[in-house]
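Notes follow once the structure below has been shown.
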Amino acid sequence: MLIVQKFGGSSVADAEKVTRVAGIIADTYCDNNDVVVVLSAQGDTTDELLEKAAEINPKPSKRELDVLLSTGEQISVALMSMALEKMGLPVVSLTGWQIEMSTNFEYGNARIRSVSTDRIRQELDKRRIVVITGFQGICGTGDITTLGRGGSDTSAVAIAASLHADKCQIFTDVEGVFTADPRKVEGARKLDEITYDEMMELASLGAQVLHNRSVEMAKRYGVNLEVLSSYVRKPGTQVKEVVKNVEQMKISGIAKDTNVARIAVVGIPDQPGYAFKLFRALANAKINVDIILQSIDRDGHNDISFTVAENELEKAFAILRERKDALGYRDIYAEKSVAKISIVGAGMLSSSGIAAIMFEALSDAKINIQMISTSEIKVSVLIDEKDTDRAVQVIHNKFFG
Ligand code: ADP
Ligand code: ASP
Ligand code: MG
């Protein structure tokens, strides 16, 4: 079999962990498999590199920041290769540019366009273990890009898809995908399997266990994806197109996102074109708008509230203030201390009343819902940020207690 194995930062944080992970890789290789390994930077390296940059220049160019951030992964692949060499195994480390991991030009959040498999295949043909840097690629000008925080998962899936690997295993510091973050939520249960669609929602709604674009790509190319522990050797969670028992499970998981802010635009003329102008201005600035709520008409005016990522609030607010006259509103307000809590489950397609169960849990806990949004397989609510952890726990208790 051809197996791609990705190990996250905490799994390779120090020499002892690198050696232990080398043992997992060695066992896979010695079972007569071809092995391609994808690694993240060790421990908190990426955060530390960001701090180093900030000490020198709080607003560095994104290009130079990517040159810096990509170094963390290069350290990991070199050290892992040394650990495997020491075990007497044939190994070669490769960086993003060496495997021609080609991306677009969006430094800091680049999207993968293609991966050349030539070099990887040559090395596999020599029966070498190939250890590749996650998180980094190279754009059309030959410059280094990075894929966004947590992006090594996406590197691994892209490489697995290009090689038509038999499986792509994402090793991390928990035993798989749980019904909620097992480090924060009491009673969180490991899922044996989850659909691509549910996992995509959970990842986009704040469950950091997989980078959301990795799941999107796994679905598109039918990559056989598994999330499992690098500490205990047992089966993890299979992420796939169809799973058993969808209807028995009301929901698969709960996620939270605190990188959310709410903007309220008050007193907008209730006439065609005003909502369009408002959201066009934000879209032109590439600001993503999430939950939108419009009040009913009062004296020919209404209010529109919506959420954006908290780290885009300043930019969004500035754009709307600059265009006050053109947009015709009376006032705007921003609120940062909000959080989005979401439940996700394909079971919602076939059973009703699931949102009501979530709302009942919040009501019992006296947590106020500020906004609601739903799709076929998810319900999200906006609440006060201080209630975040309590909200996740009471909703979890309600569905899984
Ligand atoms: P890695 O460094 O291996 O990429 P991450 O920190 O990116 O690991 O992701 C793993 C973490 O995701 C876990 O330690 C856990 O706290 C968190 N997490 C959040 N939601 C979930 C969930 N539903 N299931 C499992 N882990 C989750
Ligand atoms: N090292 C990068 C980060 O910390 C990528 C990753 O870990 O997936 O975000
Ligand atoms: Mg991660």
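A quick note: this is a predicted structure, and the numbers were derived from the prediction, not measured.
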The reported gap from NZ in Lys378 to OG in Ser252 (rounded to nearest 0.5 angstrom) is 15.0 Å
Should we say atom CG of Asp31 is surrounded by more than 12 heavy atoms from elsewhere, each under 6.0 Å from it? yes
Determine, step by step, whether Arg121 and Leu163 satisfy the side chain to side chain contact (heavy atoms under 4.5 Å, CB included) criterion, reporting the C-alpha distance in whole Å, the side-chain angles of both residues, the deciding distance to 0.1 Å, and the verdict. CA-CA 8 Å; Arg121 289 263 179 226; Leu163 290 168; 4.0 Å; yes
Distance-only polar pair, side chains of Thr145 and Asp66, donor-acceptor under 3.5 Å: no
Please name the pair of heavy atoms, one in Val38 and one in Ser152, separated by the smallest distance, quoted to 0.1 Å. CG1-O, 3.9 Å
If the test is side chain to side chain contact (heavy atoms under 4.5 Å, CB included), which one of Val177, Val174, Asp153 qualifies with Val227? Val177
Is the number of heavy atoms from other residues, nucleotides or ligands within 6.0 Å of CD (Glu376) greater than 12? no
Got more than 12 heavy atoms from elsewhere within 6.0 Å of CD, Glu314? no
State whether the number of non-hydrogen atoms from other residues, nucleotides or ligands found under 6.0 Å of Phe105 atom CZ is greater than 12. yes
Can you confirm whether the side chains of Glu198 and Thr195 place a donor and an acceptor under 3.5 Å from each other? yes
Using side chain to side chain contact (heavy atoms under 4.5 Å, CB included) as the criterion, point out the one residue from Ile170, Thr237, Thr154 that pairs with Leu210. Ile170
Going from OH on Tyr274 to NE2 on His301, what distance comes out if it is rounded to the nearest 0.5 angstrom? 8.0 Å
Does any N or O in the side chain of Lys52 come within less than 3.5 Å of the main-chain N or O of Leu68, such that one atom is a donor and the other an acceptor? no
Between Glu201 and Ser342: side-chain donor-acceptor atoms closer than 3.5 Å: no
Give a yes or no on whether the backbone of Phe135 and the side-chain of Thr146 come within a donor-acceptor separation of less than 3.5 Å. no
Residue pair Lys256, Asp181: steps toward the salt bridge (Lys or Arg N to Asp or Glu O under 4.0 Å) verdict: CA-CA 9 Å; Lys256 64 164 189 198; Asp181 187 343; 5.8 Å; no
When you look at NZ of Lys62, are more than 12 heavy atoms from neighbouring residues, nucleotides or ligands closer to it than 6.0 Å? no
For Ser373, the option from Ile291, Val381, Leu293, Leu382 that meets side chain to side chain contact (heavy atoms under 4.5 Å, CB included): Ile291
NZ (Lys324) with more than 12 external heavy atoms under 6.0 Å: yes
Please step through side chain to side chain contact (heavy atoms under 4.5 Å, CB included) for the pair Lys244 and Asp192, ending with a clear verdict. CA-CA 10 Å; Lys244 298 174 224 121; Asp192 293 332; over 6 Å; no
Compare every heavy atom of Asp384 with every heavy atom of Ser337, then report the nearest pair and how far apart it is. O-OD1, 3.5 Å
Side chain to side chain contact (heavy atoms under 4.5 Å, CB included), that's the test. Do Ile395 and Phe399 meet it? Break it down for me. CA-CA 6 Å; Ile395 296 168; Phe399 283 99; 3.8 Å; yes
According to the interplanar angle, ranging from 0 to 90°, do the rings of Phe171 and Phe7 count as parallel (below 30°), tilted (30 to 60°) or perpendicular (above 60°)? parallel
Are the charged groups of Glu123 and Arg119 less than 4.0 angstrom apart, N to O? yes
In terms of heavy-atom contacts, does CG of Leu349 have more than 12 from other residues, nucleotides or ligands at under 6.0 Å? yes
Give the minimum heavy-atom separation between Val77 and Thr133, together with the two atoms involved. CG1-N, 3.4 Å
Would you compute the distance between atom CD of Glu335 and atom OG1 of Thr307 and round it to the nearest 0.5 angstrom? 12.5 Å
Atom pair CD1 (Ile112) and CD1 (Ile159), whose distance is rounded to the nearest 0.5 Å: 7.5 Å
Look at the side chain of Gln42 and the backbone N and O of Val12, then say whether any donor-acceptor pair between them is shorter than 3.5 Å. yes
Between Lys240 and Glu193, is a salt bridge (Lys or Arg N to Asp or Glu O under 4.0 Å) present by the stated rule, with each step listed? CA-CA 7 Å; Lys240 50 211 267 205; Glu193 44 183 26; 2.9 Å; yes
Check the side chains of Asp118 and Gln122 for a donor-acceptor pair under 3.5 angstrom, ignoring hydrogens and angles. no
Neighbour count above 12 (heavy atom, 6.0 Å) for Lys126 NZ: yes
Give, for atom CD of Gln169 and atom CG of Asn224, the distance between the pair rounded to the nearest 0.5 Å. 9.0 Å
Taking only residues two or more places apart in sequence or in another chain, which ones pass side chain to side chain donor-acceptor pair (under 3.5 Å) with Arg149? Asp47
Distance in Å, Gln98 CD paired with Ile138 CD1, rounded so as to fall on 0.5 Å steps: 10.0 Å
Is the Lys NZ or Arg CZ of Arg127 less than 6.0 Å from the centre of Tyr29's six-membered ring, within 45° of the axis? yes
Worked verdict on Ser93 versus Met80 for side chain to side chain contact (heavy atoms under 4.5 Å, CB included): CA-CA 8 Å; Ser93 65; Met80 183 60 72; over 6 Å; no
Salt bridge check: are Glu175 and Lys234 linked by an N-O gap of less than 4.0 Å? yes
What's the shortest heavy-atom distance between Tyr231 and Lys17, and which atoms? OH-CE, 3.7 Å
